[in-house]
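Fair warning: this is a prediction, and the values are worked out from it, not measured in the lab. In what follows, chains carry the letters A, B, and so on, assigned in the order in which the sequence lines appear, proteins first and then strands, with residues in each chain numbered from 1. These values consider heavy atoms only, across backbone and side chains, with no hydrogens, waters or symmetry-generated copies.
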There are 2 protein chains.
Amino acid sequence: MADRIQTTPRPIRTPLSGEDGIDLSIIELFFFAYRDFTSDPDQILEAYGFGRAHHRVLHFVNRKPGLTVAELLDVLQITKQSLARVLKQLVDAGYIIQVPGPRDRRQRELYPTQTGRQLALDLARPQSRRIDAALKALSADERQTVEEFLKAMVNSDLRQQIDQISDRRQDARGLNEGEG
Amino acid sequence: MADRIQTTPRPIRTPLSGEDGIDLSIIELFFFAYRDFTSDPDQILEAYGFGRAHHRVLHFVNRKPGLTVAELLDVLQITKQSLARVLKQLVDAGYIIQVPGPRDRRQRELYPTQTGRQLALDLARPQSRRIDAALKALSADERQTVEEFLKAMVNSDLRQQIDQISDRRQDARGLNEGEG
DNA sequence: AATTTATGTCAGCCTTATTGACATATTTTA
DNA sequence: TAAAATATGTCAATAAGGCTGACATAAATT
């Protein structure tokens with residue numbers, strides 16, 4: 001008995017804080033901020049029987065209409081099997097339509113329908129409101145600071161992707177001249 | 001045939017951007033930033049057979065040693081059944097120990113072990129490095145701005161909780177005078 | 001003609017969450 | 001003290017959203 005070593009390991013009673021210059025408060029803030037940020041659309045999605053995965057797909061299809069399945073997989077960094085179910089549901093429910101690629105007919109270009117556009121906006125609105133409220137007190141410069149911080153948090157090899165989505169104005173492929 | 005209405009809904013070809021003053025780029029940045037932010041610890045956790053859920057539990061137990069199961073559920077906003085499995089694994093693996101509450105013996109106070117403290121630090125470090133890198137170019141004032149922005153993104157009814165975790169210095173319950 | 005590519009789909013598995021029901025120990029209350 | 005409430009644990013079933021592997025098809029490329 002006497003030579004049993006450390007049967008119950010000692011509980012540590014000092015709160016973790018700032019060791020090695022680690023800033024835990026920002027880590028936590030980021031966690032809480034993102035959780036609440038996603039909770040707004042989550043509530044709306046529930047009424048549609050959709051989840052966060054549907055939201056992401058719908059968002060990027062709206063953001064870059066005509067993107068292909070492969071491009072979408074690249075942005076979302078998930079497998080095609082994971083995308084398949086979600087995408088199918090969005091297509092079946094009439095929020096997204098698939099159009100064979102004009103150049104390469106193997107590709108499926110993804111477009112939102114009017115309903116899909118509307119839902120995407122409805123989902124973005126509360127998030128935008130939350131961000132606006134958080135930025136309300138900030139000057140234009142300060143807002144720029146926040147944006148640069150977020151951008152710097154992203155893996156550098158993915159920043160290009162983001163720029164493409166955010167900045168690129170669609171090459172005028174003909175605006176809404178779909179079928180009648 | 002001629003009177004079939006809108007068989008295939010029209011694909012919308014205009015990219016969604018800035019409607020109604022909605023800032024989509026920050027919405028997207030937040031998504032990408034958080035994804036990459038969590039990817040760092042996720043990689044480490046994999047080696048332990050743990051997931052993001054374990055990380056969150058371990059983090060807050062380290063942050064506030066002695067917190068009870070109920071308090072932890074409150075912070076994480078999950079059900080006790082969800083917590084149970086994850087917590088059990090962390091306890092079984094020796095990262096957390098449960099101590100009956102001194103006042104109320106129904107309660108289980110949760111404490112990290114030395115190993116648990118170490119793992120929490122190992123997980124926080126890459127996140128801290130990423131944040132540091134993102135804040136590198138910013139002045140002290142600008143860093144404050146970023147922190148305030150994140151805080152403002154959190155539901156106001158939860159901000160108190162955060163303050164408690166982040167600011168409160170543990171009431172000196174005796175530092176590490178556990179068993180020998 | 002053979003190969004590669006883009007996509008779809010089937011089947012099975014994992015993690016993290018959920019709800020509902022019930023058990024146990026302990027504290028509080030009537 | 002007996003009854004009720006509380007803190008926690010646990011069992012079972014379910015769901016969402018990921019994963020891997022395997023295979024099919026159509027179209028493009030070599």
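- For Q107(A), the listed nucleotide lying nearest its side chain is dA6(C); candidates were dA17(C), dT10(D), dA6(C).
- Set against dG18(D), dT18(C), dA7(D), the side chain of I78(B) has dT18(C) as its closest nucleotide.
- In this structure, Q77(B) places its CD atom 15 Å from C1' of dT18(C), rounding to the nearest Å.
- In terms of heavy-atom proximity, E28(B) sits nearest to F60(A) at CG-CE2, 3.9 Å.
- When the nearest nucleotides of DNA chain D are assigned to Q89(A) and Q98(B) by heavy-atom distance, the more 5′-ward of the two goes with Q98(B).
- When only modelled atom types and interatomic distance are considered, Q144(A) and E148(A) share a side-chain donor-acceptor pair under 3.5 Å.
- Residue L90(B) contributes atom CG, which lies 13 Å from atom P of dG9(D) at whole-angstrom precision.
- The aromatic ring centres of Y95(B) and F50(B) sit less than 6.0 Å apart.
- Residue T79(A) places at least one side-chain N or O under 4.0 Å from the OP1 or OP2 atom of dC19(D).
- D92(B) has its CG atom 14 Å from the C1' atom of dT10(D), to the nearest Å.
- In this structure, L67(A) places its CG atom 14 Å from C1' of dA6(C), rounding to the nearest Å.
- A close approach under 4.0 Å does occur between a side-chain nitrogen or oxygen of H54(A) and OP1 or OP2 of dG17(D).
- In terms of phosphate contacts, S82(A) brings a side-chain nitrogen or oxygen within less than 4.0 Å of OP1 or OP2 of dC19(D).
- Comparing dG17(D), dT16(C), dT7(C) against the side chain of V69(A) picks out dT7(C) as the nearest.
- Proximity note for Q81(A) (side chain, C-beta onward) versus dG17(D), dT19(C), dT20(D): the nearest is dT20(D).
- We find that D132(A) and R129(A) are not joined by a salt bridge, their nearest charged nitrogen and carboxylate oxygen being 4.0 Å or further apart.
- Computed from coordinates, the L73(B) CG to dT10(D) P distance equals 14 Å when rounded to whole Å.
- For the pair R56(A) and F31(B), the cation-pi criterion (under 6.0 Å, within 45° of the ring axis) is not fulfilled.
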| Protein proximity profile, nucleotides 24-30 of chain D - base contact B, sugar-phosphate-only contact S, no contact -, cut-off 4.0 Å on heavy atoms | --BBS--
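- What separates CZ of R56(A) from C1' of dG17(D) is a distance of 8 Å, to the nearest Å.
- Rounded to whole Å, the distance from CZ on R85(A) to P on dA11(C) is 16 Å.
- For K88(A), the salt bridge (charged side-chain N to carboxylate O under 4.0 Å, His left out) partners at least two apart in sequence or on another chain are D92(A).
- In this model, no donor atom of one side chain and acceptor atom of the other lie less than 3.5 Å apart for E46(B) and Y48(B).
- Across all strands, R52(A) comes closer than 4.0 Å only to sugar-phosphate atoms, never to a base (heavy-atom distances).
- Between R108(A) and dA6(C) there is no side-chain N or O to OP1 or OP2 distance below 4.0 Å.
- If you take CZ of R35(B) and P of dG17(D), they are 17 Å apart, rounded to a whole angstrom.
- Contact between I97(B) and R10(A) at its shortest, heavy atoms only, is CD1-C, 3.8 Å.
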